Amino acid sequence: MFFQKEIETMNRKDLEALQLERLKRIVQYCYDNVPFYHQRLTEAKVTADKIRTLSDIQYIPPTTKADIRDTYPFGLFAKPLKDMVRIHASSGTTGKPTVVGYTRNDLDMWSDVVARLCVAAGATDEDIVQISFGYGLFTGALGLHYGLEKIGATVIPVSSGNTEKQVMLLNDFGVTALVSTPSYALYMSEVAREKGYDVDQFKLRLGLFGSEGCTPEMRSQVEKGFHLFATDNYGMSELIGPGVSGECEYRDGLHFAEDHFLPEVVDPNTLEHKQEGEIGELIVTTLTKEGIPLLRYRTKDLTRLNYSPCKCGRTHVRMDKVMGRSDDMLKIRGVNVFPSQIESVLVSMPQIGAHYQLIVRREGFSDTLEVKVELVDSSLLDKFEALENLQKKVAGNLRTVLGIQAKVTLCEPKSLERFQGKAQRIVDLRNTGK
Ligand code: DLL
């Protein structure tokens, strides 16, 4: 099923011609309407008419999150506030948020691209969809909300929090599709069982999950939790919110909305283009956005692209599930460690649960990694030998995959923190003196 079949299955030659035309137009638009880009493009001696092929994009200087922050709050807006009909912002852990503005056309485009990914994932106008992302400045809830309304689904805007009530509504309203982070869905399924619900009786069949990474191992835990088909979609507030890419029923990569977002994958250090299939940092140019157009925005997300045709008939390039952020990568005693590698190891071991925490410390001149994970069976806590054996086994499996030794702490079931939005599993205590 398609939402906009003609565009989603357009042959690549026509798609690339459309992208080139839109790329030239957006470069001119940025030059004319955003003083920041006027200066950047002038300095780089790039003009719209110099862009003859899509690969000429490499001459455009990239834009970073710092560029948006430095012009806080509205400095990169290409339209006056009067033309903006919505403002969102990403919270950011430090300092000021990054602020984005949407014109009416932007909201239309946004709901179209979200509608596409929902239909690609299998949602229909028959679905009753609970949105358990937080409504507010975060783009997740309202983004999915309007896309799902556009396809005629029945939207229940519950927002995040109050997990017991979430579960009650899932049950009482016969919800068929759930929108949340995968980690929150997992937590909800635990609460459902704790509260004595018969999850087999739930009508849930589809998960539209996103906003955080999720390994295949974790995904199958989430699917078991609620007996649903879990799909992944990706986006970021600076680019639009959710809607940049999403999985179809074959779940073999996330289809990019390539007529609106032009992806590149580069080496994060040299910015040189990676070959198709090679992992690097995703850079995205918004081809049609009016409110805050971005040229070559550095997402810091690591992935790779696959241009081969998909069984579903969509021609738009697929990106791999995000394997991590370049700034989430932990450098421990000189070794690059991705939290997703740790997750794969932990979640595939039946004796331990799917929630975990990674604590990085500096001891003397050396970095240490502690992996805290919950036991499935708390009676093991009284069996010293079995506990020690399991601990060694987890540490051994981690060492095989990561190449470094980690301290493994086995905790009581349900003792680690649960998250209602993006899970924050890394606690980096280096440079904090703790
Ligand atoms: O998380 C937008 C979104 C909302 C996407 C709901 C999908 C569903 P931000 O809060 O700006 O926007 O965070 C963007 O989250 O750069 C990635 O690091 C991460 N991220 C988003 N989706 C995925 C995903 C929204 N499917 C940042 N897999 C991005 C892995 C994801 N990471």
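Counting convention: from 1, in listed order, for ligands and their atoms alike. Bear in mind that the values here come from a model prediction, so they are computed numbers and not experimental data.
- Side-chain contact between Thr124 and Val119 is absent, with no heavy-atom pair separated by less than 4.5 Å.
- Using cut-offs of 30° and 60° on the angle between ring planes, the pair Phe202 and Tyr197 is perpendicular.
- In this structure the side chain of His88 reaches within 4.5 angstrom of the side chain of Arg86, judged on heavy atoms.
- In terms of polar-atom proximity, defined here as any N/O pair under 3.5 Å, Asp232 does make such a contact with ligand 1.
- Nearest protein neighbour of atom 14 (C) of ligand 1, counting heavy atoms only, is Met236 CB, 3.4 Å.
- Closest protein heavy atom to atom 28 (N) of ligand 1: Glu212 O, 3.2 Å.
- Among Gly235, Ser90, Pro97, the residue whose heavy atom sits closest to atom 2 (C) of ligand 1 is Gly235.
- Here the protein heavy atom with the shortest distance to atom 16 (O) of ligand 1 is Asp301 OD2, 2.6 Å.
- Between Ser160 and Gly134, the shortest heavy-atom contact is OG-CA, 3.6 Å.
- Listed here is the closest heavy atom pair of Leu254 and Asp320: CD1-C, 4.2 Å.
- Using 4.0 Å as the threshold, Lys422 has a heavy atom nearer than that to some atom of ligand 1.
- Ring pair Tyr102/Trp110 is parallel by interplanar angle, where below 30° counts as parallel and above 60° as perpendicular.
- When each atom of ligand 1 is checked for a heavy atom of Asn233 under 4.0 Å away, the hits are 7 (C), 8 (C), 22 (N), 24 (C), 26 (N).
- For ligand 1, the atoms lying closer than 4.0 Å to a non-hydrogen atom of Val322 are 30 (C).
- Two residues are said to be in side-chain contact when any heavy atoms from C-beta on lie closer than 4.5 Å; Val113 and Gln4 fail this criterion.
- Listed for the His316 side chain is a donor-acceptor partner under 3.5 Å among the backbone atoms of Glu258.
- Remark: ligand 1 atoms within the under-4.0 Å shell around heavy atoms of Thr139 are 2 (C).
- When Ser237, Ser211, Gly143 are checked for heavy-atom proximity to atom 20 (N) of ligand 1, Ser211 turns out nearest.
- For the atom pair Leu262 CG and Gln19 CD, the distance stands at 5.0 Å (nearest 0.5 Å).
- Residue contact check: Arg325 has heavy atoms under 4.0 Å from atoms 16 (O), 18 (O) of ligand 1.
- Considering Gly246, Gly140, Gly213 only, the shortest heavy-atom separation from atom 4 (C) of ligand 1 involves Gly140.
- Residue contacts with ligand 1: Phe133 is included, with a non-hydrogen atom under 4.0 Å away.
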